[in-house]
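Following: one structure in structure tokens, then a few remarks.
Source: prediction; values computed, not measured.
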2 protein chains.
Amino acid sequence: MGDPTRTLELLWRESLPVKAQRGPKQALTVTAVVDAAVTLADAEGLDAVTMRALAGKLGIAPMALYTYVPGRAELIDVMLDTLYASMARRKPKARDWRSRLEAVAHDNRALFTAHPWLADVSTTRPPLGPGQLAKYEYELQALEGVGLDDVAQDSALTFVLGFVESSARAASDQRAARLESRMSDGAWWEANAPLLTRMFDAERYPTAFRVGSAAGAAHGAAYDPDHAYAFGLERILDGLAVLIEKPRAASKRPGRRVRK
Amino acid sequence: MGDPTRTLELLWRESLPVKAQRGPKQALTVTAVVDAAVTLADAEGLDAVTMRALAGKLGIAPMALYTYVPGRAELIDVMLDTLYASMARRKPKARDWRSRLEAVAHDNRALFTAHPWLADVSTTRPPLGPGQLAKYEYELQALEGVGLDDVAQDSALTFVLGFVESSARAASDQRAARLESRMSDGAWWEANAPLLTRMFDAERYPTAFRVGSAAGAAHGAAYDPDHAYAFGLERILDGLAVLIEKPRAASKRPGRRVRK
DNA sequence: TCAATCTACGTACGTCGTACGGAGTTGCAC
DNA sequence: GTGCAACTCCGTACGACGTACGTAGATTGA
């Protein structure tokens, strides 16, 4: 990663004053490069976004990319922020915080579904760009006025977003594993059952055997991303409810400000 | 990733019958190779575990590694399972499920702290090895007898482990970013404040400004991994409590079996 | 007009995982 | 006892990758 200031300038390029350009005009724009990179990543995954491949798609020489972007890492940062900027931000309509937060989670999940390569990117790392900032502002609305202090608001949002990212990554890992081994979960199990059943003896691992079998049967696989997401989100919202509706359950109005 | 059966045999190598070996004996063992790889990863990170570097540490030629391990991906799978196998599994002493589950989370977090490169590894993907199986068996104990059905037990454990991994990864990302930019968070902010404060105007992003400032001030950084972990874990346990202690709050004894 | 400054890009370096094939070693079948 | 199959080890080499460096040519402010 190069100079972080350079990355910041890249992220905020639209709102920054254009400085006097002496030489020839650039044939493309940073935005065009980034859009092409996103398209490529959507189609073939993040690994397919090599400087050579991207340059090929754009009809320029590989090294010409470096006039637009300091390097591959920064390119990915900008791709991420661009996606953040593009997320729909409809007015949060739900009156209760729980539905609002659920909508935030679903929107984020949808982003990961639409762009699976996002799971391969660290979303905490990149410097604050316009997309991320707008997203943060918008998503905080879901927690406004519920009685959490500012620090708790930030913690709660980070918590929810972290969960969504984590479950998206798990889903992506599973997809990748399936692709690599070129078989469905069923076929995989069939191929390896002989060895596994020999090892996985119910006497040494009684609980694992019982619970694992039940879970496998219920989901049709060792891991079910959709179920994990649904289950986790419920727990998370329940957990936040305990924090928010502090003055004892049974009340639907927001609690008072809570000190951590 | 190569043949998954090959990986399985590698993982379970200790419990598998040794087949007749025709050629010369191997100078090393798979375990020695894996241990060296873990040591190297601990010291210099996962990226430093290249086949050449590892071979160098072991005093063999790079290509000789492939007699022990089918490839780098499988090596990492075995490293992971080895670490799982090595985790301390003291008898869970706490009588309440909450402390037991908290201990599981802490133990996992400690593993990520001791081996930061784990955050760079997908922990869902690898085939079931002896370490993972033993770990699963052990950790399920924390949820035995609390009144969750088998499927919910699995979901709850997956949920908690996913959270720990996710927060470890966030911590690792932050560490990496700090290393790359070669500055502390304070220095970074100082270097970029001019640009950022110009963009981050309090009028366009009032909530982000207020909440972001408060969180930043409280944690001394934009993101505080320790706080995120503590906050998240509380919420998660509260959320699971809602599921477990179903027949309404105020009761400390476990609820009846819960149907999802 | 001309020097400063910029774009575009060709070449090349150092890195990686690992395919391939050969040389040497061992133990089983006969 | 002998031969050969099966094994270990490893040197070489290939095809990726990101990108440093330097140059040629276009553009424009002074």
For residues B:G71 and B:M51, report the shortest heavy-atom separation together with the two atoms involved.
->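 In terms of heavy atoms, the two residues are closest at C-CE, 4.2 Å.
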Polar side chain donor-acceptor pair, B:R13 to B:T31, under 3.5 angstrom =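 A donor-acceptor contact under 3.5 Å links the two side chains.
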Do B:E139 and B:N108 get their side chains close enough for a donor-acceptor pair, meaning under 3.5 Å?
->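 Indeed, the side chains of B:E139 and B:N108 share at least one donor-acceptor pair under 3.5 Å.
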Salt bridge check: are B:R178 and B:D173 linked by an N-O gap of less than 4.0 Å?
->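 No, no charged N to carboxylate O under 4.0 Å.
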Between B:R72 and B:D77, is there a side-chain N and carboxylate O pair less than 4.0 Å apart?
->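 Between B:D77 and B:R72 there is no salt bridge, as every charged N stays at least 4.0 Å from the carboxylate O atoms.
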Please indicate whether [X] has more than 12 foreign heavy atoms, meaning atoms of other residues, nucleotides or ligands, lying under 6.0 Å from its [atom1].
X	atom1	result
B:R204	CZ	no
B:F209	CZ	no
A:R175	CZ	yes

Nearest-nucleotide pick for B:A64, side chain only, options being C:dT7, D:dC10, D:dC7 =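 Given the options C:dT7, D:dC10, D:dC7, the side chain of B:A64 is closest to D:dC10.
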Given protein heavy atoms under 4.0 Å, the one-letter contact record of nucleotides 10-19 of chain C, with B base, S sugar-phosphate only and - none, is simply BB----BBBB
Round to a whole Å and report the spacing from [atom1] of [X] to [atom2] of [N].
X	N	atom1	atom2	answer
A:L54	D:dG18	CG	C1'	13 Å
B:R22	D:dC7	CZ	P	8 Å
A:L65	C:dA8	CG	C1'	11 Å
A:L58	C:dT7	CG	P	16 Å

With a 4.0 Å heavy-atom cut-off, tell me which residues in residues 24-46 of chain B come close to DNA chain C, sorted by residue number.
->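 Only B:P24, B:K25 qualify.
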